[in-house]
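Here the structure comes first, spelled out in C-alpha cells, and everything after it is commentary.
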Number of protein chains: 2
Amino acid sequence: MEIENATQQRILEVATNVFYQKGLAGARMQEIADLSGINKAMLHYYYTTKEQLFDKVFQRTFFMYIGSISRLLSTASPFKEKLWNFIDEVMDMLQKYPYIPVFILHELNQNPARISELFSESQAINFEEFKREVAREVRRGNIKKVKAEQLFTDLIALTVLPFVAQPILSKVLSKNHEQYSQFLQDRKKELKTNWLENL
Amino acid sequence: MEIENATQQRILEVATNVFYQKGLAGARMQEIADLSGINKAMLHYYYTTKEQLFDKVFQRTFFMYIGSISRLLSTASPFKEKLWNFIDEVMDMLQKYPYIPVFILHELNQNPARISELFSESQAINFEEFKREVAREVRRGNIKKVKAEQLFTDLIALTVLPFVAQPILSKVLSKNHEQYSQFLQDRKKELKTNWLENL
DNA sequence: GTCTATAAAGGGATAGAC
DNA sequence: GTCTATCCCTTTATAGAC
C-alpha cells in the first residue's frame, strides 16, 4: 500500500462515483478531472491510464463489497444471529452505495477473467465453512432441511435485489425516493422477522 | 410497426447481442456491421445513428421482459398456480437471455429518464390488481399475512438474482457452467416446493 | 441497396514550459 | 506538481460512385 496524498484521494473518490454510474466504457477522463478540480494532464500524472485508474477502483470496490460479505459470514456468532446481522449490515452498506452490485456485475460481464484474479488474491468467501454450519443447524433442528447453496442464494437475493432493481421496482410500486427508502427500511425488518424466523 | 427485411432483422438480432454484452457505451458499430455481414455504411443506411439502433433494442427488450412478467401476473389462474407458473416461465426465459436484467439495469442507471417514457407507453405491470389479489388470499387464509410489495419483491429477487449474479455465485459455489445450469434447475424446483408451499 | 473513401468529432495520452 | 497546447488514434457518420 503506497501513501496517497489529498489530490490522489479526491481523484479516486470522484473516479469511483463516475465509474459506478457510467462504467469503464462510458466514463470520461475529462469528467473525472473536472469533478476533481484538476485538468486531464494532472489526472494522467497520478494515474497514467484510464485502465489503471479503473482497476484500482474495481479492486477496492470488490474487496470492500465481497470482503464485508465474507467477514459477516465468518463471525463466530450463532447462526441465526449471524444472518440477522448480515441483513442489517449489507442493506445499510447498499443504501450508501446502491450502484455497486450492478457496477460489478456489468464489468464482470465485459471481462469475466477479472473475477478469477481477484478471487485468488483475496481470501474469498469461505463457502465450505458456511456449508458445514448449515448442515449442523439442520441436524440440530434449528432450521428446516435446506441445501446451503440455496439458502445462501436466497439470502443474497432477498437483500441485494431491492437495491439492484430500484429503478424498476420504484416505478412498479409507485414510490418516490423517500417512499422507497422507507420501503427498504420496512424490508429489513420484514426479512429479519418473517423470513429469518421461518427458516 | 414498419415492415423489416431480412438484413434489418439480422442487424437487430446482432445489435441486441452486442448491446447486451457491452452496453451502449461499449458497443461498436463496426462490430455490429461485421457480425451482420455488412459494412458500416450499410448499417447507417438502415439505422441512422447508434442511439437509434440502441433505442430500438432497448425498447424491444424492455417490452419483452417486462411484458412477459406482466402477462404472467395477470392471468386468471388461482394465485399459487400463477406463481408456480411464473417461476417456471421467468427462469426459463432468463436461462435463454441471462444478460437482460443487468443490461436493463445498467442502462437505466445511465439514463433514468428512459424508464418513465417506456412505462407510460406500455401497459405496465398492474400492481394494484396484484395487491388486491394478495389481500384476498391472506383474508381467505391461503397464504400467511404479508404485504404485497414485499411478496412481489421476494418473487423477483428469488427468481432473477441467480442469473444476474451468476459470475460471482458460480465462483463462490465452485460450479462450472454445466453445474451451474443444474443448480438453476434445482432451484426452480426448490422455489416451487419449499418457498411457494410455505407462503 | 451496396460499396470505398473520407469527413468530423471525441477522447486518451503526452510534450514541455513554469 | 500544475498547467496549456497538441498529438493521434478511435469511432461515428456521411458523401458520392456504382
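Every chain is numbered from 1 and lettered A, B, ... according to where its sequence line falls, protein lines coming before strand lines.
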- Note on the structure: Those residues at least two apart in sequence (or on a different chain) that pass side-chain hydrogen bond (donor to acceptor under 3.5 Å, both in side chains) with B:Asp34 are B:Gln30
- Item | Atom-pair distance (CE on B:Met42; P on C:dT4), nearest Å | 13 Å
Output side-chain donor-acceptor pairs under 3.5 Å for residues 10-22 of chain B, partner residues at least two apart or in another chain, one line each.
unit_1  : atom_1 : unit_2  : atom_2 : d
B:Arg10 : NH1    : B:Ser36 : O      : 2.2
B:Thr16 : OG1    : B:Leu12 : O      : 2.6
B:Tyr20 : OH     : B:Thr61 : OG1    : 2.8
B:Lys22 : NZ     : B:Glu31 : OE1    : 3.2

- To the nearest angstrom, the CG-C1' distance between A:Asp34 and D:dC3 comes to 14 Å
- Message: For DNA chain C, which residues of residues 10-19 of chain B approach it to below 4.0 angstrom with any heavy atom?
- Response: none
- Note on the structure: Here the distance between atom P of D:dT4 and atom CD1 of A:Ile38, to the nearest Å, is 12 Å
- Message: Going by salt bridge (charged side-chain N to carboxylate O under 4.0 Å, His left out), name the pairs with one or both residues in residues 84-109 of chain A, residues two or more places apart or in two chains.
- Response: A:Asp88-A:Lys192, A:Asp92-A:Lys188
- Query: Tell me: CG of A:Leu43 to P of C:dG11, nearest whole Å?
  - Reply: 15 Å
- Does the distance from a Lys or Arg side-chain N to an Asp or Glu carboxylate O, for B:Asp154 and B:Lys147, drop under 4.0 Å? no
- Message: Using whole Å, what does the distance between atom P of nucleotide C:dA15 and atom CG of A:Asn39 come to?
- Response: 16 Å
- Which residues pass the salt bridge (Lys or Arg N to Asp or Glu O under 4.0 Å) test with B:Glu190, sequence neighbours left out? none
- Tell me, please, which residues at least two apart from B:Glu137 pass salt bridge (Lys or Arg N to Asp or Glu O under 4.0 Å). none
- Message: So, using ring-ring contact (aromatic ring centres under 6.0 Å, His included) as the criterion, who are the partners of B:Phe127 when residues are at least two apart?
- Response: B:Phe130, B:Phe152
- Query: For B:Lys82, which residues count as a side-chain hydrogen bond (donor to acceptor under 3.5 Å, both in side chains) partner, sequence neighbours excluded?
  - Reply: B:Glu133
- Where protein sits on nucleotides 9-16 of chain D, one letter per nucleotide: B base, S sugar-phosphate only, - none, heavy atoms under 4.0 Å: --SBBBB-
